[in-house]
Protein chains: 2
Amino acid sequence: MTTARRVVIEALATQGGHPTAEDLSATIAQHHPGIHRATVYRTLETLTEMGVVAHVHLGHGAAAYHLLGSPQDVAHLHALCHQCGRVFDLPGSLMDEVAERVREEIGFELEASHHALSGLCRACTSTTVP
Amino acid sequence: MTTARRVVIEALATQGGHPTAEDLSATIAQHHPGIHRATVYRTLETLTEMGVVAHVHLGHGAAAYHLLGSPQDVAHLHALCHQCGRVFDLPGSLMDEVAERVREEIGFELEASHHALSGLCRACTSTTVP
DNA sequence: TTAAATGCAAAGAATTTGCATAACA
DNA sequence: TGTTATGCAAATTCTTTGCATTTAA
């Protein structure tokens with residue numbers, strides 16, 4: 001447990017929303033200028049392997065990191081509106097049946113929370129009417 | 001309809017698998033060295049706006065492009081194994097119920113095929129047993 | 001002809017890597 | 001003390017942009 005790791009975990013615990021590696025890197029830079037971006041990336045990778053954090057792929061590959069097992073973690077899925085970019089939380093059980101079906105059919109073990117779903121949120125749906 | 005667009009569409013029709021913009025760019029470079037990478041990217045964007053092609057976000061942000069309405073397009077979803085990286089096709093209707101539920105609950109219009117699902121494929125599940 | 005598309009080169013972002021140094025156990 | 005992690009800078013990879021030129025309609 002090094003300083004950098006403590007700081008990264010702290011940032012994950014503190015920062016709300018769905019911070020990307022770059023977001024975290026930026027936040028950390030403010031309070032701990034000494035900690036290099038590369039270290040943040042490497043630390044996130046290490047912590048992921050250790051099972052302490054996980055990430056969700058939102059749009060365009062910007063993965064959002066979060067602590068595992070934290071109070072606010074309570075397994076949930078994400079839906080990304082590709083119009084306004086907002087992220088909506090969905091119940092973690094939403095895909096249970098789908099996962100079950102995929103498991104039976106092709107033996108694929110779904111990790112539903114690892115990729116966001118996407119589409120249009122209510123607000124953008126109404127705006128988009130041509 | 002310009003040369004570049006014809007070539008991009010041709011590449012999409014020809015190239016199997018789930019080519020990324022970079023993949024397409026590379027393929028095209030072999031047969032049509034004149035066509036610049038930037039043009040491929042721009043063309044893909046344009047064709048997307050025109051509704052001719054679409055892309056799926058697989059892992060790490062590398063979007064896979066495909067022609068819309070092509071015979072082999074028949075609406076389907078993708079599941080990405082994050083161990084071996086292979087992409088599996090799933091029936092397009094798989095998420096219908098989920099979409100319905102999300103629509104009712106938060107008014108979110110899901111586009112299930114726009115992001116891949118992810119998890120472990122059968123082969124990797126068995127290999128991973130520690 | 002005239003607007004739109006292209007090629008080029010260069011700029012950008014996000015992320016990774018090699019290596020010497022520093023910190024942890 | 002001997003790894004392992006870090007800081008740094010530079011390299012990569014993927015993608016976008018400005019602008020002059022070409023092309024299609």
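A, B, ... follow the sequence lines: proteins, then strands. Residue 1 opens every chain. Quick note: numbers below take in every heavy atom, side chains included, and nothing from hydrogens, waters or symmetry partners.
The residue A:R5 sits close only to the backbone: its heavy atoms come under 4.0 Å of sugar-phosphate atoms, none of a base.
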> For nucleotides 19-25 of chain D, read 5' to 3', which letter fits each nucleotide if B means a protein heavy atom sits under 4.0 Å from the base, S means only the sugar-phosphate is that close, and - means neither?
Replying inline: -----SS
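For the residue pair A:T20 and A:D23, a side-chain donor N or O sits within less than 3.5 Å of a side-chain acceptor on the partner.
Distance NE2 (A:H36) to P (C:dT17): 15 Å, rounded to an integer number of Å. At whole-Å resolution of the value, CD in A:E22 and P in C:dA13 are 10 Å apart. Atom C1' of nucleotide C:dA14 and atom CG of A:L24 are separated by 14 Å, given to the nearest angstrom. Atom CZ in B:R37 sits roughly 13 Å away from atom C1' in C:dA11 (whole-Å rounding). Per the geometry, CD belonging to A:E45 stands 12 Å off P belonging to D:dT6, to the nearest Å. Rounded to an integer number of Å, the gap from A:H32 NE2 to D:dG7 P is 11 Å. Rounded to whole Å, atom P of C:dG7 lies 10 Å from atom CD1 of B:I28.
Centroid-to-centroid, the aromatic rings of B:H115 and A:H57 stay 6.0 Å apart or farther.
Residues B:V98 and A:M95 meet the side-chain proximity criterion, which asks for heavy atoms closer than 4.5 Å. Side chains of B:H66 and B:H55 form no contact here, defined as non-hydrogen atoms less than 4.5 Å apart.
Among the nucleotides D:dC14, C:dT6, C:dT16, the one closest to any side-chain atom of A:A38 is C:dT16.
Salt bridge annotation for B:E100-B:R103: present, with a cationic side-chain nitrogen under 4.0 angstrom from a carboxylate oxygen.
Checking each of B:V7, B:T3, B:T39 against B:H32 for a side chain to side chain contact (heavy atoms under 4.5 Å, CB included) leaves exactly one that passes, namely B:V7.
Residue A:Y41 places at least one side-chain N or O closer than 4.0 Å to OP1 or OP2 of C:dT15. One finds a side-chain N or O of A:T43 lying less than 4.0 angstrom from the OP1 or OP2 phosphate oxygen of D:dT6.
Enclosure of atom CZ in A:R86 is not indicated, since only 12 or fewer non-hydrogen atoms of other residues, nucleotides or ligands lie within 6.0 angstrom.
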